[in-house]
S.K.: 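Dropping a structure here in structure tokens format, bear with me for questions.
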Amino acid sequence: MTARVRFAPSPTGLLHIGGARTALYCHLYAKAKGGSFVLRIEDTDLERSKREYEVAMIEDLKWCGIENNEGPNKGGDFGPYRQSERTEIYTELAQQLVTEGKAYYCFLTDDELEKLTEKAQEEKKSPHFYHGKYRDLDPAEAKKKVDTGETHVIRFKNPGKKYTFTDLVRGEVTFPEDMVGDFVILRSNGMPVYNFCCVIDDWKMEMTHVLRAEEHLNNTVRQLMIYEAFGATPPEFAHCSLLVGEDRQKLSKRHGATSVVQYKDQHFLPQALMNYLCLLGWSHPEEKDIFTMDEITPIFDLSRFNKSPALYDIEKLKHFNGEHMRRLSTEDLMAYLAPTLAEDHAFHSQSREWQENCLDFFKEKINTPAELPEHLKVLFSTEPETGEAVDEVLSWESTAAIKEYIKGEVSNIDSAFISEKQFNEFTNHCKKELKIKGKFLFKGMRLAITGMAEGPDLKVVIPLTPIEVIKKRLGL
Ligand code: GLU
């Protein structure tokens with residue numbers, strides 16, 4: 001059977017990184033098996049669902065490199081792909097269950113429900129204990145009440161037995177018989193509930209696998225009951241481990257950026273985010289940690305999921321970003337980093353060759369574009385650094401001598417940069433003629449030319465620093 005895997009977000013907000021991870025797994029598995037990856041929009045919560053979130057989600061998925069084969073944006077043989085456009089299908093099938101005696105009309109009012117919940121709590125029973133009041137009402141009588149316009153919902157008649165299934169992440173899972181009661185499948189406003197729509201769609205859209213977050217594990221019991229009522233075969237389920245923050249709590253806004261678009265705005269590489277997310281709950285058969293999605297598609301399988309909660313660590317993500325950034329070609333690196341610098345940054349007025357050499361050197365020092373401007377200060381800043389380290393170097397007599405000598409040399413240079421050769425000559429002069437050695441020489445040179453006490457390799461930095469910057473630093 002061809003694999004059919006769906007990602008079924010509710011468009012009630014921006015695409016969350018947890019959602020992106022689920023989508024990624026679904027996409028990888030469908031591709032690995034040569035199957036279809038389907039996007040289904042679960043928008044039955046009419047108040048909270050917004051079309052603009054759907055549009056934004058599709059855009060964010062695309063940025064992640066996740067493209068669906070079927071969905072509201074693509075069409076397909078199993079549409080419509082928005083649940084709000086499928087209400088007739090759900091209503092008809094809910095009615096079918098009523099006719100077959102597998103579901104029933106329930107007329108409990110909100111007030112009554114509240115009282116029954118209180119009563120159940122007092123008796124230390126689950127709130128659903130009393131939900132079955134209309135379970136055995138004569139169907140003809142129930143129908144009469146419905147026809148006279150009495151407010152009602154449709155409840156599923158829970159067979160009251162144990163349900164067991166084999167989860168691809170968690171192994172065998174058994175739900176006790178009293179875990180849920182007779183649950184609502186169609187609300188009083190005629191809108192079906194998530195568990196019902198989900199089953200109808202996964203069944204009618206011929207899904208072979210449902211990969212989703214662990215928080216849906218407990219929904220599976222209701223869903224299994226519904227499959228059984230229709231005589232339909234459930235898909236294979238894989239409930240992926242929870243993403244947690246450092247405090248081991250479920251990842252939420254409190255933990256920082258949690259929507260994909262925030263990472264896009266902070267100029268993270270999508271391939272780095274996908275690589276990192278992929279490893280939060282799944283592992284590579286050869287324990288590799290840096291890879292592209294294309295590289296792992298052929299080997300992605302469902303046997304390597306990890307059931308313990310996965311710690312989402314932004315510092316690790318930055319490391320992945322750095323690794324992927326350093327894999328970029330010179331051209332791609334330019335296209336990636338240059339636009340992240342402010343429009344009036346002096347970087348932009350340098351030659352293409354200079355820019356390439358510069359990025360080639362600084363890519364080793366940074367993991368994210370946000371770190372680049374600080375590093376480029378060594379090439380452009382004319383504000384001398386202050387602090388103890390600088391004061392110490394300044395306190396050496398030799399530093400004043402180096403500064404004096406360099407000043408004289410630099411004032412005679414009219415090319416745009418000091419070459420590496422010239423720099424070597426300066427160093428040799430200081431060594432031989434001024435008799436300055438070791439840290440006095442190197443730290444003194446650095447301070448004279450860059451205004452800093454510490455920093456990257458001077459041999460690379462000097463030929464990249466515009467002469468007018470050096471002149472300004474030397475007070476020329
Ligand atoms: N609409 C549900 C959600 O966004 C999907 C659950 C499922 O995949 O079954 O969490």
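Counting convention: from 1, in listed order, for ligands and their atoms alike.
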S.K.: Quick check on Glu215 - does any of its heavy atoms sit under 4.0 Å from an atom of ligand 1?
M.R.: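 Outside the 4.0 Å threshold, so no.
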S.K.: Would you confirm whether Glu371, through its side chain, and Asn367, through its main-chain N or O, come within 3.5 Å as a donor-acceptor pair?
M.R.: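 A pair under 3.5 Å: yes.
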S.K.: Evaluate the ring planes of Phe175 and Phe165, with Trp represented by its six-membered ring, and classify them as parallel (under 30°), tilted (30 to 60°) or perpendicular (over 60°).
M.R.: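 Rings of Phe175 and Phe165: parallel, under 30°.
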S.K.: Judged on heavy-atom distance to atom 3 (C) of ligand 1, which of Gln83, His16, His216 sits nearest?
M.R.: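 The option holding the nearest heavy atom is His216.
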S.K.: Can you spot which of His131, Lys157, Arg135, Lys133 makes a side-chain hydrogen bond (donor to acceptor under 3.5 Å, both in side chains) with Asp182?
M.R.: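 Among His131, Lys157, Arg135, Lys133, the one that satisfies the side-chain hydrogen bond (donor to acceptor under 3.5 Å, both in side chains) with Asp182 is Arg135.
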S.K.: I need the contact type for Tyr194 against ligand 1. Using non-hydrogen atoms and a strict under-4.0 Å cut-off, is it side chain, backbone, both or neither?
M.R.: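 For Tyr194, only side-chain atoms sit under 4.0 Å from ligand 1.
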S.K.: Would Ala8 count as a polar contact of ligand 1, with the cut-off being nitrogen or oxygen pairs under 3.5 Å?
M.R.: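 The answer is yes, given that Ala8 and ligand 1 share an N or O pair closer than 3.5 Å.
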S.K.: Only one of Val153, Leu137, Thr151 passes side-chain contact (heavy atoms from CB on, under 4.5 Å) with Phe107; say which it is.
M.R.: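 In the set Val153, Leu137, Thr151, the residue that makes a side-chain contact (heavy atoms from CB on, under 4.5 Å) with Phe107 is Leu137.
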S.K.: Which residue is it: Arg327, Lys363, Glu356? I am looking for the one with a side-chain contact (heavy atoms from CB on, under 4.5 Å) to Leu333.
M.R.: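 The residue from Arg327, Lys363, Glu356 that satisfies side-chain contact (heavy atoms from CB on, under 4.5 Å) with Leu333 turns out to be Lys363.
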S.K.: What protein heavy atom is closest to atom 8 (O) of ligand 1, reported as residue, atom name and distance in Å?
M.R.: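 Going by distance alone, atom 8 (O) of ligand 1 is nearest to Arg6 NH1, 2.7 Å.
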S.K.: Which ligand 1 atoms are under 4.0 Å away from a heavy-atom of Glu42?
M.R.: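 Counting from 1, the qualifying ligand atoms are 1 (N), 2 (C), 5 (C).
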S.K.: Under a 4.0 angstrom heavy-atom cut-off, which atoms of ligand 1 come close to Cys198?
M.R.: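 So the atoms of ligand 1 that pass are 9 (O).
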S.K.: For Asp178, is there any backbone N or O sitting under 3.5 Å from a side-chain donor or acceptor partner on His128?
M.R.: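 Yes: the side chain of His128 pairs with the backbone of Asp178.
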